[in-house]
Amino acid sequence: MPLDTYDKIMMLAKRRGFIYPSFEIYGGVAGFYDYGPLGSRLKLNIENLWRSFYILKDNCIEISTPTITLYEVLNASGHVDEFTDLTVDCKKCNQSYKVEDIINNISVDEAIKENKIKCPNCKTNLKDAYPINLMFSTKIGFGKVRDAFLRPETAQGIFIDFHLLYRYVREKLPFGVIQVGRGYRNEVSPRQGIIRLREFSMAEAEVFIDPENKTHPNFNKIKNLEIKLFDNIKEMKISVEKAVDKNVINNQALAYYMILTQEFLYSAGVDPEKFRFRKHSDNELAHYATECWDAELFSERFGWIECVGIADRSAYDLQSHIDSSGKDMYALRKYEEPKIVDVKKIIPKMNELGPLFKGNAGKIKSILENLEMEDSKKITINFDGKEVEIPNNCYEIVETKEKKIGDKFVPHVIEPSYGIDRILYCIIEHSFFEGKEKDEEYKILKLNPKIAPIKVGVLPLTNDDRLVSIACELDDNLRNAGIETYYDDGGSIGRRYARMDEVGTPFCITIDHDSIKDNSVTIRDRDTTKQIRKKIDELIPFLKEKIDN
RNA sequence: GCGGAUAUGAUCUAGUGGUUAUGAUAGUGGCUUCCCAAGCCACUUGCCCGGGUUCAAAUCCCGGUAUCCGCACCA
């Protein structure tokens, strides 16, 4: 079978130090890959380019939170329940099954209870189904431990710091918070190499906005840019403004981050012909999302791959953490003028509550105080999973006037979430070109200079000591100026160019015999192989400009 | 997770129940003094793991692991 693009890229990636299978000497484990010297550099450059879009262009703030995440956080977010598959073990032959795999269309509870399910292997009745979670679990501490997971997304770390961050930005919406880091999912069946990993890198932004004002301050700057949309039938290119006006995209904020994503991906070297946004249909929306667009990149082997998800998560996450932690995570929409409003308040009488509820009286007091006053005369609260009626001698209802300066509300969240590994793979694939040069297969990685791991190859034409010493000094100077170089004096000049082309180095500087006389060198452009001559003194500003373009 | 295929240096690959396991590419050192994978010399790295059959297994059988394809699941 002939090698396809994926095979060729993974071979090149391994040979040249981009990507290696992890733990290979012990047989390897599916879903884990190492980034080699060039791969980690490339990844870092992509992440930093991403940061420049979010921190510089969009004024987001960045935080960094633990990858080990407390059980309570992921329970509140729904991951403990959502990331679960029901499993059952055969008591006789010890085989484990995912329940979904062995029953069809009957209720799980019923089927298990009624002993309807037999082990496909040894035909014993199966019972006691239990859920297994797709998160990696761990424990914190020894002895008295707390349950935890490796985080399946970086987002929760941002949500649970909301109140602090809201204060940091001096209580103004909208604001965006980013986090770049690793996430972990114990995939059932990871394949597709680096496209589906069990430990992967993501870059996420959580942008908090007022649900009654889903605009974006920079929208005017980008409204005329054209965005590439796919509605599951055909592709279209329309201006961002039109997309929002026609309600193809629900709101400005969502549209703004979509175009920011498009610009980032183009800037990182994605082929515009192999890029589109696809809208999630209603039945594939996550339970918390009201609208979601995936940026998809095309890959020869895998087809369209979801590399970025941009979701309107509404108030789901913050509300969940408010409910479950009790922390105040509201934002305030201030009135022009403070208002005086009538409020009804419940004042608990502790001298009655105390004797009646003993140790629980304190908790009941705070529940009562936070209760929304209704008109009904009976007050029942939900305490410890039970409905508890509070006798009316235990509290007093007072009507007072209060000054209100605004409305409290739970901000909505627009979440652009980027799979860095997937993007990295697609960029390599989109940059990969090959041809034949005198019967020799020739491979070029046309990486954008901004993200190329090595910017400049420094090559003395011959091993003449005079050329070598000029080259070494130049190499040193370029590095001190912050330009990553690769010095190479081995083999023929053609071979050295080829080596640099294969790892995506955009420029090669050759020091030849004329350099000794007039301090000039040639700069070869990777994509055209054209050479120009420059004085060594002019080199650094010239290259810097080319690299930053 | 189910079914099928595959597994030989860093990469690709030949090979057979029986000496020291091919060849190429890449890499390293040297010669060559050279502008697009030139040549010459020398050198480095390998039969996925475990068990079985056998006098003898990289080769045959079983199990595991990984990779690829299909199904299922998922982002």
Side-chain angles (χ1 to χ4, degrees), chain A residues 1-4 6-8 10-17 20-33 36 82-83 85 87 95-102 104 120-121 132 134 152-153 183 185-193 195-197 200 202 204 280 284-286 289 292 294-296 301-302 305-309 311 417-419 421-422 435-444 457 459-468 489-502 508-514 521-526 528-531 533:
Chain A
M1 214 179 72
L3 298 173
D4 70 0
Y6 175 84
D7 289 324
K8 288 177 190 164
M10 292 310 275
M11 277 160 51
L12 187 151
K14 189 172 182 187
R15 205 156 35 81
R16 290 300 189 196
Y20 311 126
S22 296
F23 320 118
E24 201 185 17
I25 65 166
Y26 292 106
V29 182
F32 295 93
Y33 281 86
E82 294 295 323
F83 260 68
D85 280 334
T87 307
Q95 192 64 244
S96 290
Y97 300 98
K98 215 162 120 179
V99 171
E100 289 169 28
D101 289 344
I102 52 174
N104 306 309
N121 188 32
I132 55 153
L134 298 182
E153 58 174 11
R185 299 181 189 183
N186 201 356
E187 287 295 336
V188 178
S189 172
R191 285 193 217 166
Q192 309 167 314
I195 301 301
R196 171 169 296 180
L197 295 171
F200 54 101
M202 49 188 155
E204 294 190 299
H280 277 208
E284 64 183 315
L285 275 179
C292 182
D294 282 338
E296 298 185 322
R301 178 181 282 186
F302 307 115
I305 303 171
E306 313 164 28
C307 291
V308 184
S417 171
Y418 298 65
D421 314 275
R422 290 180 173 191
K436 285 219 172 196
E437 199 72 38
K438 292 181 204 152
D439 276 351
E440 186 89 43
E441 285 223 339
Y442 203 91
K443 301 185 184 70
I444 304 186
L459 321 173
L461 189 60
T462 73
N463 261 330
D464 186 318
D465 283 347
R466 291 169 300 173
L467 299 189
V468 168
D489 59 10
S492 74
I493 189 70
R495 177 182 297 274
R496 285 179 274 165
Y497 285 146
R499 268 198 287 257
M500 289 289 93
D501 286 347
E502 208 178 30
C508 285
I509 294 175
T510 312
I511 295 87
D512 57 24
H513 289 93
D514 289 343
V521 293
T522 61
I523 304 171
R524 169 190 179 268
D525 180 89
R526 175 194 62 205
T528 62
T529 75
K530 295 257 162 56
Q531 285 178 291
R533 233 182 151 84

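Below, chain A is the first sequence line, B the second, and so on; all start at residue 1.
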| message | Closest approach to the side chain of Y497(A), judged atom by atom: which nucleotide of C12(B), C36(B), A37(B) is it? | response | C36(B)
| query | Relative to the 5' end of RNA chain B, which residue comes earlier, R185(A) or L461(A), by the nucleotide with the nearest heavy atom? | reply | L461(A)
| Polar side-chain contact R499(A)-G27(B) base: donor and acceptor under 3.5 Å | no
| request: Provide, to the nearest angstrom, the distance between the OH atom belonging to Y20(A) and the C1' atom belonging to C48(B). | output: 20 Å
| remark: Re U22(B): Watson-Crick or G-U wobble partner, both distances kept under 3.5 Å, found to be none
| message | If I pick the P atom on G9(B) and the same atom on G15(B), what distance separates them, to the nearest angstrom? | response | 16 Å
| Polar pair under 3.5 Å, donor/acceptor by atom type, side chain R15(A), base G9(B) | no
| said: Measure CD/Q531(A) against P/C36(B) and give the value in whole Å, please. | reply: 8 Å
| task | Mind checking G28(A) for me? I need base, sugar-phosphate or nothing, with any heavy atom below 4.0 Å counting as a touch. | result | sugar-phosphate
| 5' precedence on RNA chain B between Y26(A) and I195(A) (nearest-nucleotide basis) | Y26(A)
| request: Could you let me know what G70(B) is paired to, Watson-Crick or G-U wobble, both distances under 3.5 Å, or none if it's on its own? | output: C2(B)
| Base of C68(B) paired with side chain of R191(A) (donor-acceptor, under 3.5 Å) | no
| Watson-Crick/G-U partner (both atom distances under 3.5 Å) of G27(B) | C43(B)
| request: Using the P atom on both, measure U19(B) against A66(B) and round to a whole Å. | output: 34 Å
| If we take the C1' atom in both C43(B) and C48(B), what is their distance in whole Å? | 27 Å
| remark: Atom CD1 of I493(A) and atom C1' of C34(B) are separated, to the nearest Å, by 8 Å
| field | Nucleotide C35(B), atom P - distance to CG of D525(A) in whole Å | value | 20 Å
| Atom CD of E24(A) and atom P of U8(B): how far apart are they, to the nearest Å? | 11 Å
| query | Where the side chain of S492(A) is defined as all heavy atoms beyond and including C-beta, which of A37(B), A38(B), C69(B) is the nearest nucleotide? | reply | A38(B)
| said: When you measure from the side chain of R526(A) to the backbone of D501(A), do you find a donor-acceptor pair of N or O atoms at a distance under 3.5 Å? | reply: no
| request: Using the P atom as the reference point in each nucleotide, state the distance between C62(B) and U45(B) in Å, no decimals. | output: 34 Å
| field | Residue T529(A), side-chain heavy atoms: nucleotide from C71(B), C36(B), U67(B) that is nearest | value | C36(B)
